[in-house]
Amino acid sequence: MGIEQTREREQRWQDEWNKAKLFEAVPKEGTPKFFCTFPYPYVNGLPHIGHLFTMMRVEAFARYKRHRGFNVLFPQAWHATGSPITTAAMRVTEGDAKQIGILKENGVPDHEIPLFKDPEHWIAYFSPRYKQDVSAVGLSIDWRREFITTSLNPQYDAFIRWQFTTLHEKGLVQQGRHPVVWCPKESAPVSDHARSVGEGETPQEFTLLKFPLDGEIGTFLIAATLRPETVYGQTNLWVGKDIEYVKARVKGPHGQETWIISAACAEKLLMQERAVEVIGKVKGSELLGKRAMAPAVDRTVPVLPSHFCSPDKGTGIVTSVPSDAPDDWMGLHDLQQPGAAEKEGIPLNIVADIKPIAIIKSSDLGDMAAVRICEDMGIKSQHDRAKLDEAKKVVYKKGFYEGTMLVGPYAGEPVQQAKDKMKKDMLDSGKAETFYELTGKVVCRCQTQSVVKIVSDQWFVTYGDAEWKRKTHHALDGVTLYPEKSRQQFEYVIDWLNDWACTREYGLGTRLPWDERWLIESLSDSTAYMAYYTIVHSIKDIDPKLLDRRFFDYVLLGKGTAPNMPGVDVEALRAEFMYWYPVDFRNSGKDLVQNHLTFFLFNHCAIFPEEHWPKGIGVNGWVTVNGQKMSKSLGNVIPVRKLTEEYGADATRMTILNGGEGMDDPNWDSNFAGNLHGKFETLLRSCEDVTGNTEETSTPVDSWLRSSMASSVQHITDAMEQTNFRTAIQLAFFEINHALKWYVVRTAGKQNKKLLRECLEAQLVMLAPFIPHVCEEGWRKLGNDGFVSVAPWPAVDTSALDPALDRREAMVRQVADDIQRQLEKSAAPASVQLFLAADWKREAYAAFDEATKTTRNPAEIMKLLSATPLAAHGPELQRLVTFLVKGGRQPQDVPSAVQEREWLESAREYLESIAGKKVEILEAGAAESPKAQNGLPGKPAVVLQK
RNA sequence: GCGGGGAUAUCAAAGCGGUCAAAUGAGCCAGGCUUAGGACCUGGUGGCCUCGUGCCUUCGCAGGUUCGAAUCCUGCUCCCCGCACCA
């Protein structure tokens with residue numbers, strides 16, 4: 001059977017499911033419910049193997065829960081909020097080759113490309129195709145509930161407005177100051193996607209240090225630094241001789257001041273809510289040799305020339321801390337070379353006396369980190385740029401993370417803590433101010449260089465709120481995590497999370513209800529929408545104006561009274577919400593723990609009563625492909641469509657879930673996927689083999705098979721409950737197959753087909769969450785009606801469980817192996833004799849068992865046994881004890897003599913079929929040969945009789 | 001650097017103090033079934049031999065605890081996720 005037929009078969013079953021409305025979730029009073037979700041995908045592309053894994057974890061769990069008798073709600077929707085689609089559409093408009101290439105890769109024909117200039121077309125194009133790909137996998141989603149986000153969907157829009165209004169009224173959305181990357185030409189923030197240079201660059205907070213200029217009251221030299229904790233090591237200031245600085249009148253918190261800064265800096269300050277008025281110019285060279293009062297240390301330092309000051313970076317003036325800044329150390333070093341000061345026009349005596357001051361100590365670099373690193377790296381001058389940049393990074397890291405302050409009010413404290421304290425002290429006393437600078441150059445797509453702008457009207461969700469955090473911790477306590485070991489990460493994130501800027505000026509989304517200039521940002525409008533899933537299918541066509549405050553308050557919170565809405569049974573909506581909520585399982589990749597999944601918890605705590613807080617959260621790793629990390633550059637990002645086309649839905653489903661579990665990165669194994677096809681056919685053939693014959697026969701091995709199945713069911717159920725799907729697959733597919741094979745071999749053609757049928761039936765149900773199409777097919781072959789997809793999960797028959805039977809079969813198998821091995825070495829014996837172990841060995845086992853209750857020390861055990869009559873067996877006993885101590889067979893697992901004989905007798909027929917000879921079972925004493933004495937309890941000696 | 005998760009045989013991945021040379025699957029090798037088969041079945045797959053109640057070497061590296069460590073402890077190295085205003 002080829003792949004085409006497989007896909008036809010899969011399609012047929014999917015059609016059947018749809019026809020039967022198998023996955024349409026309808027509340028059923030008295031039936032327990034299970035509500036599971038994964039984050040709706042962003043629709044700027046098609047699903048790939050990474051999405052598949054997250055979806056499949058929910059899918060397998062959803063199907064499992066159906067077998068367990070739960071009424072399952074498994075919905076899916078589409079996310080379009082945010083800027084990527086808008087930006088991409090703009091790029092298409094501009095004719096961007098890269099963007100158009102991406103569309104082509106996604107299967108868009110050339111003539112349709114222009115349509116993608118419209119953001120809405122992206123959604124219209126990708127959402128149905130995404131759905132198509134996902135449907136081909138056979139996901140059991142209730143598609144009646146699909147929807148799209150943003151104002152394009154006025155009903156959803158109304159819901160998000162309600163959510164934010166609710167948060168706002170609780171005081172959890174507040175306005176504040178916020179630095180953004182800004183294009184001065186377009187007067188708009190420049191998102192990552194809208195940059196031609198500088199993706200990933202962000203505003204960074206610098207401290208502006210203010211140096212009162214000697215002899216000019218009210219005038220300050222301003223230096224920007226990222227390391228305010230190093231002020232105690234300041235020895236001088238650096239300026240560029242040829243840089244044109246400006247004198248600017250700046251209104252500071254302590255009145256009018258005159259600042260000397262670069263012209264570019266003055267402009268930047270204007271964007272950062274500072275009143276700045278340029279009143280004059282001053283050249284760098286004019287400042288040389290002057291002195292200014294260094295903040296915090298309160299001593300004057302000279303202004304010296306350097307070649308690394310840039311008017312575009314900071315203020316163009318740099319404070320010099322030669323002990324901890326490699327640039328400064330080399331600048332000083334250069335100036336102290338013979339003749340250098342004179343050449344620069346600086347009196348030698350100013351320069352000669354300057355020495356680095358030890359201020360921070362770290363174990364690796366000592367207390368003169370910059371001096372040390374320059375030596376280590378062989379840096380020769382301030383022009384050795386590449387090396388200096390590297391050195392700066394190292395010194396900064398070591399200093400910040402491992403350093404301890406040596407001087408100042410925080411001497412003895414780690415730099416990490418002292419840094420913020422020093423900064424705050426200087427800010428409070430007016431010796432410093434803050435300033436934002438980009439981490440790197442950013443150029444807007446309009447080719448204008450971007451700057452940092454402080455916006456003061458940004459809205460924040462106040463995740464930093466202590467009370468809210470407390471509540472969320474409490475909510476987390478009530479959440480079952482899959483796997484549980486992700487809990488620590490969640491606890492950490494709840495504490496770490498701070499206020500989140502939740503509005504944007506650009507992109508798609510919902511407008512902030514009380515401040516319509518703003519759009520709600522994409523990570524913020526996806527935090528409580530699971531509630532919307534419960535009612536979406538009933539309100540899709542309602543006039544959105546009716547979906548007001550009162551409506552959602554009543555339906556989702558039970559507040560107030562039901563509004564009267566023509567054609568809508570509001571009470572029924574309320575009932576449906578109450579039936580499905582809370583969310584029982586939400587699954588996502590581990591990268592979303594630090595934002596989305598935690599936001600989800602926070603928002604539920606804020607909006608809903610405790611009974612509706614989330615019950616379960618799943619976290620999974622990142623898919624690797626054939627052992628390699630998935631990436632565009634490796635070209636191994638496999639679209640879901642390609643997988644179903646090549647392997648079929650079932651093989652795809654099973655392979656991806658077999659790839660891994662827990663938070664490990666799962667691996668997609670193409671070989672495994674390719675082999676499954678044949679294995680499925682074998683499974684179906686087995687189903688055919690047991691049909692027709694329902695006559696109850698019985699073999700001695702039946703009880704073992706029953707026990708083995710019961711144990712498998714138990715273990716598989718445990719694994720499923722913990723979303724350990726890989727384990728479940730291994731057990732349900734491979735372990736059960738092994739057991740069935742052994743049963744067939746062991747019964748030598750005389751199987752109890754009724755029992756086999758029962759086992760296969762149970763196996764099909766347990767595999768149905770993973771390979772439902774094959775299982776439906778097998779289910780019918782077994783002669784069953786209805787769908788295996790909703791068949792009850794097999795119960796664990798605890799009465800059938802008997803570990804002794806496993807030991808029996810293990811023994812029989814071992815004996816069979818031993819016989820075969822002996823036969824290989826010997827030509828045509830007349831018969832096979834099995835000699836049971838001598839009685840004293842069994843006694844020794846028992847004595848050993850007894851002895852281990854007091855000690856596990858071999859020497860002591862031997863001593864105890866030597867005190868018994870067993871001592872007569874001398875060296876042989878010693879050998880036995882050594883064997884047992886090393887962990888040979890456990891004495892308690894060994895059968896009694898009577899039992900062992902019984903077991904062997906019952907398996908005699910099988911053993912004879914293996915040997916092709918008569919098999920005799922004898923006592924050790926029945927023969928003289930040394931070989932016959934070799935038997936151990938549970939492991940008879942095999943002797944071939946000529 | 002910090003928080004979290006990891007490192008097991010050719011590969012993927014179980015194991016988490018003694019039944020561990022280590023489940024299972026893939027790959028590879030040999031054999032069977034077949035007109036043929038990337039199907040299916042059987043066996044093998046760290047090394048050595050006296051083929052066993054055998055010996056040696058192995059579970060990131062180095063130490064330690066223990067009669068006994070892949071499993072526990074300490075230190076180190078490396079990998080993945082995150083360290084945010086972005087989907």
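A, B, ... follow the sequence lines: proteins, then strands. Residue 1 opens every chain.
Side chain of A:T682, nearest nucleotide from B:A84, B:C40, B:A87: B:C40. Between B:C86, B:G5, B:A26, one nucleotide has an atom nearer to the side chain of A:N675 than all others, and that is B:A26. Looking at the side chain of A:D664, the nearest of the listed nucleotides B:G3, B:U53, B:G5 is B:G5. The side chain of A:Y42 approaches B:A87 more closely than any other nucleotide in the set B:A87, B:A13, B:G4. Comparing B:C85, B:C83, B:A87 against the side chain of A:W496 picks out B:C83 as the nearest. Residue A:Q822 places its side chain closer to B:G52 than to any other of B:G52, B:G5, B:C85.
Checking B:U77 for Watson-Crick or G-U wobble geometry (two distances, each under 3.5 Å) identifies B:A7 as its partner. Within the shown strands, B:G82 is the pairing partner of B:C2 under the Watson-Crick or G-U definition, both distances less than 3.5 Å.
Taking only side-chain nitrogens and oxygens, A:R504 comes nearer than 4.0 Å to OP1 or OP2 of B:C86. Here A:S524 does not reach the OP1 or OP2 of B:C85: none of its side-chain N or O atoms lies under 4.0 Å away. Distances shorter than 4.0 Å separate none of the side-chain N or O atoms of A:Q594 from OP1 or OP2 on B:A84. An OP1 or OP2 oxygen of B:C40 is reached within less than 4.0 angstrom by no side-chain nitrogen or oxygen of A:K741. In this structure, A:K679 reaches the B:A26 phosphate: one of its side-chain N or O atoms is under 4.0 Å from OP1 or OP2.
A:D499 comes within 4.0 angstrom of a base, heavy atoms only.
Using modelled atom types, one side-chain atom of A:N667 and one backbone atom of A:N626 make a donor-acceptor pair closer than 3.5 Å. Listed for the A:Y529 side chain is a donor-acceptor partner under 3.5 Å among the backbone atoms of A:Y40.
Distance A:L592 CG to B:C83 C1': 15 Å, rounded to the nearest Å. One atom, CD of A:E491, and another, C1' of B:G82, lie 17 Å apart when rounded to the nearest Å.
Taking every heavy atom of residues 666-673 of chain A and every atom of RNA chain B, pairs under 4.0 Å involve A:N667, A:N671, A:F672, by number. In the region residues 728-738 of chain A, proximity to RNA chain B at under 4.0 angstrom, judged on heavy atoms, holds for A:Q730, A:F734, A:H738.
Summarising the geometry, atom CG belonging to A:L731 is positioned 11.0 Å from atom NE2 belonging to A:H738; distances are rounded to the nearest 0.5 Å.
Side-chain contact of A:Q489 with A:Q594: a donor-acceptor pair under 3.5 Å is present, judged by distance alone. Inspection of the A:D525 and A:T510 side chains reveals no N or O donor paired with an N or O acceptor under 3.5 Å.
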